[in-house]
Each structure stands twice: as C-alpha cells, then as structure tokens.
> 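For reference, the structure I am asking about is given below.
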Amino acid sequence: MSAVLAPPASPLGRPLIDAAFRADPYPVYAALREAGPIHWSDEFFGGAWLLTRHADVEAVLRDAAGFSAQRTGGWVMQNRAARGELKDFQRLFARAMLFVDAPDHTRIRGVLNAGFRNDVLQQFVPAIEQRVDALLDAVDADAGFDFMQALARPLPAEVMAMLMDIPAADRGDFIAWSDDLAAFIGAPVPSLDQARRARTSLLAMSAYFEQLVPQRRHAPGDDLVSRLLRAEAAGDIGAGPELLAQCAMLLFAGHETTRNLLGNGLQALLADPASWQRLQREPELLPGALRELLRFDSPVQYTGRRVVADLVLHGRQLRRGDLVVPLIASANRDPARYAEPDRLDVARRGGGLLSFGAGAHVCIGASLTLMEAEIVFGRLLRRLPGLRLVDAQPCWSGNAVYRGLSALQVRH
Ligand code: HEM
C-alpha cells in the first residue's frame, strides 16, 4: 500500500515570502519556474497552488468555467475571531466584478465597458495633459523631488475622479482608503488589523458614493457613476450593494496599479540609462516600451482563482474549491515565452503580456492606464531629459501583490 504524501509546505524548502522577496521577487519566481510548473505553498492565503509558467497562467485566466473568480469568502473570513465584524465587508467586497463569475460578471462588465471605449477616454486627454504639466511645474527638478509624492500618487486618483465626475479635492481620502484595501489584498495572509482597516475604508468608500447617488440621479452626466445609475434604472445593475461595490472597486483599481506602473517604469528606465536615452532618440518606441515596462516589473504580481471541479494539472491533484495563484510576474519572465526575459528591452515586440490579466476579467482600465502613462513618460522625456536616480537602492513598499515604490527620489 503506498502512502499518500502531503505536499511540502514550501516548494523551495524555505519560506518564499521574506524581506528579500519583497525587495526583489524575481529570483524566487525563477527558482520556482525551474523547479516546476505548479507548487503547493502554505504561505499564500493559508494554502494555494502557485502557477509559474506563462502558458498555464494564461490558460487558467482564460478558463472562466474551470476557475472561478469568486474567492473573497475564505480570504476575508479566515480570521475566525472577527467573522461577525467582517461580514458587511465581505458582502460588499464580493460584489465587485473582479470577484464575480458569469452571468452576473458579463452583465456588469457590459454596463461598464462603454465607459472605457477609446473615444470616451480620448475626451480626457487635454485635462490629463494639463494636470501632468501642472504637477511637473510644481517640482524643483534641479533640487530633486520624490516622483511618487509629486506625480505617481496624486495623478491616477485625480484621473479616476475625472472619469467618475467627483471632486478631485477628495483625492486624499481616496488614496488613504485605497492604500488600506491594497494592504489587505496584497498581504499573502492578512492580519486582523489589515482586515479591519480594509473594512473601514471600503465602507467609507461605499458611504461616499451613497451620499453622491441622489445628487447624481438628479443631475446625471456621461461619467461612470451616471452610467451605473442608468443601468440600475434599466434593471441591468442591482441597486444598493451591487452598484456601490462597482463604484468603490473602480476608484480603488484605477490608481493603486497605475501609480505603480509610473513608479516601477521610471525606476526601471532610469536604472538603465541606455533605455532612457533610446526613448529620447526614438519616442515612437514609447507605446511598446510601456508594455515592456509592464512585463518587466508588473504592478500586479499575481491574482487568484478557485478550482470549480476536481482536476489533475501537471500530475498534481487539485480539488474543487482549492485556491490557485497564477503568478503573473513569473509568467512575464518565463524564458519559454520571452528571449532574455530579465533584460529590459524597450524595443521588444511579441505580445503575450499578462500584466492586465487575460480572458473575461482582463483589465477594463488597460487603455486608460496606457494613455495616462504615455502622457506622463512623454512629458518626462521631453521636459526632463537629464533625469536620474538619487537613491542607490529603490524604496519598495513591500506589498506582495501591488509591487511598487513608497518613494522615488530623482533629480535633473
Ligand atoms: C498599470 C495599471 C493596471 C494594471 C497592471 C491592472 C491590472 C489588472 C489585472 C491583472 C486585472 C485582472 C485580475 C484578475 O483577472 O484577477 C485587472 C482587472 C481590473 N482592472 Fe485593472 N489594472 C490597471 C489599471 C486599471 C485602471 C486604470 C482601472 C480603472 C478603472 C482598472 C480597473 C480594473 C477593473 C474594474 C478590473 C476587473 C475587471 C473584471 O473583473 O472584469 N485597472 N486589472
């Protein structure tokens, strides 16, 4: 009789998530990829299957029938002591379309897609250009400045405020609420304190939109909140929690990630002056270079799915309900997909980028983010061609999912 062996708690025989991983996760991803395509790890959400290769990450993200996006339950409620107190958080959080499967997902996504069409986004270009110029006018580049504080943090929150037609002056609250949600989502095992703070902030976001809704019903426009309200009136979006959850999620998803594309992207370019100079000589490379920056240091490092029915993958038995973690950032450095994956190549072509996800839940804000980033990097390259890094070591925030910098000191 052969014994059934429990999978090892850590695939590399040592903890995966430590200070070194938080500063530079790529050596760990490389070791995991070399060790195999799938590993069990106790460190992610109390136990999950990690997928390391591009082909598998893409296949799972595209297989909405086999892998469910509904995954917030165990995640929020793993803190037994606080289950009662977190129930209202879980109820709202689980309604955001990121965590909803078809047919509800298809219905909600259908309503919001129209708000992210290119012709709609193009209308915001002049206002975004103006804000970027104003934020850059305010820095003393010769003395040196913190790019995160001066531009990467405030800008994306302001742009989401434009799309939702809410006062940009409230951006301080939006950023603080989003930081609490990001700390919770980004913790492989969230602490009770992180869960409590995320609850308080999500409920505050929801209350913010709850007081806005009657005014907006009275005077609707073309913004995303008005679109949701029109869909509610037509019966395409549920009133109350379903509507409020989409508003809160849009506000959150729209800037944490863009902030980190701007910060990680500038850090990578300035750390490799040849790339920075090449973009000055060949600005037409910029749109492709943005995709390369997203590949090279993905602002979203991994996501999650739940197994819908028992299956065997690469010889491992996955059970219904098991959590699967597609490691997007590992897939982006898979040598089977990209030649010299650890090299930043601003002229790289070839597609396959997984930083925005893939399949039904592929990022709805991808075009918006690329548009914003093109404006920001275009202006930096023109206005501050001699920009350089001040700190020898980047100040990574340490968030495992939302990889980004807490500060980026630069000078001209
Ligand atoms: C660099 C910037 C961004 C990155 C790297 C990024 C990344 C992602 C990824 C990986 C997903 C899929 C997650 C999954 O399948 O589990 C996603 C979905 C999503 N993103 Fe983004 N995102 C960015 C910017 C934005 C912006 C600007 C918005 C603006 C509203 C946004 C809103 C969303 C929403 C609502 C979803 C859920 C879509 C759905 O479930 O159908 N994101 N994003």
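Both ligands and their constituent atoms are indexed starting at 1 by order of listing.
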> Answer yes or no: is there a side-chain heavy-atom contact under 4.5 Å between Glu43 and Pro188?
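No. Closest side-chain heavy atoms not under 4.5 Å.
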
> Any nitrogen or oxygen of Thr258, side chain or backbone, less than 3.5 Å from one on ligand 1?
no

> Tell me the protein heavy atom at minimum distance from atom 11 (C) of ligand 1, and give that distance in Å.
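Nearest neighbour among protein heavy atoms for atom 11 (C) of ligand 1, to 0.1 Å: Phe356 O, 3.7 Å.
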
> Starting from atom 20 (N) of ligand 1, locate the nearest protein heavy atom and write down its residue, its atom name and how far away it is, to 0.1 Å.
Cys363 SG, 3.2 Å

> Just to confirm my output: which protein heavy-atom neighbour is closest to atom 29 (C) of ligand 1, and how far is it?
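Heavy-atom neighbour on the protein nearest atom 29 (C) of ligand 1: Gly254 CA, 3.6 Å.
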
> How close do Leu262 and Phe147 get, heavy atom to heavy atom, and via which atoms?
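Shortest heavy-atom separation between Leu262 and Phe147 comes out as O-CE2, 3.6 Å.
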
> Hey, does His105 sit under 4.0 Å from ligand 1 if you only count heavy atoms?
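Right, His105 reaches ligand 1.
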
> Inspect the contact between Arg383 and Asp137 and indicate whether a charged nitrogen and a carboxylate oxygen are less than 4.0 angstrom apart.
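Salt bridge flag = yes for Arg383 with Asp137.
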
> Is there a donor-acceptor contact under 3.5 Å linking the side chains of Ser355 and Asn332?
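Per modelled atom types, Ser355 and Asn332 side chains form a pair under 3.5 Å.
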
> In ligand 1, which numbered atoms sit nearer than 4.0 Å to a non-hydrogen atom of Thr303?
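Near Thr303, the atoms of ligand 1 are 14 (C), 16 (O).
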
> Looking at Asp272 and Arg278, is any side-chain nitrogen of the basic one under 4.0 Å from a carboxylate oxygen of the acidic one?
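Salt bridge between Arg278 and Asp272, a charged N being under 4.0 Å from a carboxylate O: no.
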
> Is any side-chain heavy atom of Tyr29 closer than 4.5 Å to one of Arg333?
no

> Would you please determine whether Met249 falls within less than 4.0 Å of ligand 1 on a heavy-atom basis?
no

> Donor-acceptor pair, Arg107 side chain versus Asp236 backbone, under 3.5 Å?
yes

> Heavy atoms, side chains only, cut-off 4.5 Å: are Tyr26 and Asp297 in contact?
yes

> Would you mind listing which atoms of ligand 1 come within a distance below 4.0 Å of any non-hydrogen atom of Arg71?
16 (O)

> Identify which of Leu112, Thr257, Leu262, Leu61 has a heavy atom lying nearest to atom 23 (C) of ligand 1.
Thr257

> Have a look at ligand 1 and work out which part of Met160, if any, has a heavy atom under 4.0 Å from it: side chain, backbone, both or neither.
side chain

> Distance under 4.0 Å to a non-hydrogen atom of Arg305: what atoms of ligand 1 satisfy this?
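This gives 14 (C), 15 (O), 16 (O) as the contact atoms.
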
> How close does the nearest protein non-hydrogen atom get to atom 38 (C) of ligand 1, and which residue and atom is it?
Arg109 NH1, 3.3 Å

> Counting C-beta onward and ignoring hydrogens, is there a side-chain heavy-atom pair between Trp276 and Leu387 closer than 4.5 Å?
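Heavy-atom side-chain distance check passes, below 4.5 Å.
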
> Consider ligand 1: state whether an atom of it lies below 4.0 angstrom from any non-hydrogen atom of Phe99.
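Flag not set, Phe99 not near ligand 1.
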
> Students should be able to answer this: which protein heavy-atom is nearest to atom 12 (C) of ligand 1, and at what distance?
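Answer, as residue, atom name and distance: His361 O, 3.4 Å.
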
> Looking only at N/O atoms, are Thr369 and ligand 1 under 3.5 Å apart anywhere?
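No, Thr369 has no N/O under 3.5 Å of an N/O on ligand 1.
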
> Could you tell me whether Leu98 approaches ligand 1 through its side chain, its backbone, both or neither, with non-hydrogen atoms closer than 4.0 Å?
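The part of Leu98 near ligand 1 is both the backbone and the side chain.
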
> Where's the contact between Met97 and ligand 1, heavy-atom distance under 4.0 Å: side chain, backbone, both or neither?
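Both parts.
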
> May I ask you to identify the nearest protein heavy atom to atom 32 (C) of ligand 1, giving residue, atom name and distance to one decimal place in Å?
Ala253 CB, 3.5 Å

> Within a strict 4.5 Å, meaning less than it, do heavy atoms of the Leu370 and Arg291 side chains meet?
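In contact.
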
> Pair Asp179, Arg153 - check salt bridge (charged side-chain N to carboxylate O under 4.0 Å, His left out), show working.
CA-CA 11 Å; Asp179 283 351; Arg153 276 174 76 81; 3.1 Å; yes

> Tell me whether Asp223 contacts the main-chain N or O of Ser226 through its side chain, where contact means a donor paired with an acceptor under 3.5 Å.
yes

> Side chains of Phe174 and Ile166: does their closest heavy-atom pair fall under 4.5 Å?
yes

> Give me the nearest non-hydrogen protein atom to atom 34 (C) of ligand 1 as residue plus atom name, then the distance to 0.1 Å.
Ile364 CG2, 3.7 Å

> List the closest protein heavy-atom neighbour of atom 5 (C) of ligand 1: residue, atom name, distance to the nearest 0.1 Å.
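Looking only at protein heavy atoms, the one closest to atom 5 (C) of ligand 1 is Ser355 O, 3.5 Å.
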
> If you count the atoms of ligand 1 from 1 in the order shown, which ones are under 4.0 Å from a heavy atom of Ala360?
41 (O)

